[in-house]
Amino acid sequence: MLAASGHLQQLVSDFTSDEAFSDITFTLAYENDIKPYPVDKPIVAFTTDKTTIGEQLTIYNQDGSQVLSKNRIADTVIKTSIFVPYESGALTCFEIFDRVFTKLLFSSSMKIVSSHCYNSSYVRDCGALVLTADFTIRSTEKS
């Protein structure tokens, strides 16, 4: 099975150690949907939304015969929540999204097959603007 928590830990570690992102706190998503309070500086939280395992992959031999392998394609959707202080404005959410997803797409070893960005909204529980986004990582897993 896909080690999604390993991907999440690696994401947090990679971003935390990158000097270009020193102005942002990276963390795993808060348990039970608890929100950070107060939000003094930008926070990016990652969590696994869902994992889909596909059918066994078919291997085609040189002689034309087909064999089912033990490998399967696994797609894992990682949900990302970007928290910024309300005073920073919604544009800050989208700027952070751009920085984070540019690094994910062009500087990471993960095979990202899709990403989605949703609207930014004010969340009263944490007194901050929150932008929700997600991306899908594709990997081959042994069953």
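Everything quoted here is computed from the prediction, not taken from an experiment.
The side-chain contact (heavy atoms from CB on, under 4.5 Å) test with T27 singles out one residue from T16, I43, L8, and that residue is I43.
Linking ILVMFWY residues whenever their side-chain heavy atoms come closer than 4.5 Å, directly or via other members, leaves V113 and V100 in distinct clusters. Under the 4.5 Å side-chain contact rule for hydrophobic residues, L105 and I78 share a cluster. Side-chain heavy atoms closer than 4.5 Å link hydrophobic residues (I, L, V, M, F, W, Y) into clusters, and following such links, possibly through other members, connects F94 to F21.
Panel note: side chain S88, backbone V84; no donor-acceptor pair is recorded below 3.5 Å. Judged by distance alone, the side chain of T102 and the main-chain N or O of D98 form a donor-acceptor pair under 3.5 Å.
The two residues C126 and V39 have their closest heavy-atom pair at O-CG2, 3.9 Å. Taking each heavy atom of L129 and C93 in turn, the nearest pair found is CB-SG, 3.9 Å.
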Check step by step if side-chain contact (heavy atoms from CB on, under 4.5 Å) holds for I24 and K41. CA-CA 7 Å; I24 302 170; K41 72 178 222 174; 5.9 Å; no
Yes or no on side-chain contact (heavy atoms from CB on, under 4.5 Å) for T48 and V77, after CA distance, side-chain angles and deciding distance? CA-CA 6 Å; T48 303; V77 177; over 6 Å; no
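Donor-acceptor pairing under 3.5 Å is recorded for the side chains of T136 and S114. Under the 3.5 Å distance criterion, with hydrogens and angles disregarded, no donor-acceptor pair is assigned to the side chains of N119 and S121.
In this structure, CD in E87 is found 10.5 Å from OG1 in T92, a value given to the nearest 0.5 Å. How far CE of M110 is from CG of L11: 4.0 Å, rounded to the nearest 0.5 Å. Rounding to the nearest 0.5 Å places OG of S120 at 10.0 Å from CG of L91. We find the CZ-SG distance between F97 and C117 to be 4.0 Å, quoted to the nearest 0.5 Å. In this structure, the separation between OG1 on T76 and CD1 on I112 is 11.5 Å, given to the nearest 0.5 Å. Once rounded to the nearest 0.5 Å, the distance linking OG1 of T80 with OH of Y118 reads 10.5 Å.
Between F46 and F135, the two ring planes are perpendicular [angle over 60°; tilted spans 30° to 60°].
Taking 4.5 Å as the limit, some side-chain heavy atom of I96 sits within range of a side-chain heavy atom of V44. The shortest distance between side-chain heavy atoms of T132 and H116 does not fall below 4.5 Å.
Residues passing the ring-ring contact (aromatic ring centres under 6.0 Å, His included) test with Y122 are Y86, sequence neighbours excluded.
Pairs passing the salt bridge (charged side-chain N to carboxylate O under 4.0 Å, His left out) check and including a residue from residues 108-118, sequence neighbours excluded, do not occur.
Taking 4.0 Å as the cut-off between side-chain N and carboxylate O, K79 and D134 do not count as a salt-bridged pair. We find that D18 and R99 are not joined by a salt bridge, their nearest charged nitrogen and carboxylate oxygen being 4.0 Å or further apart.
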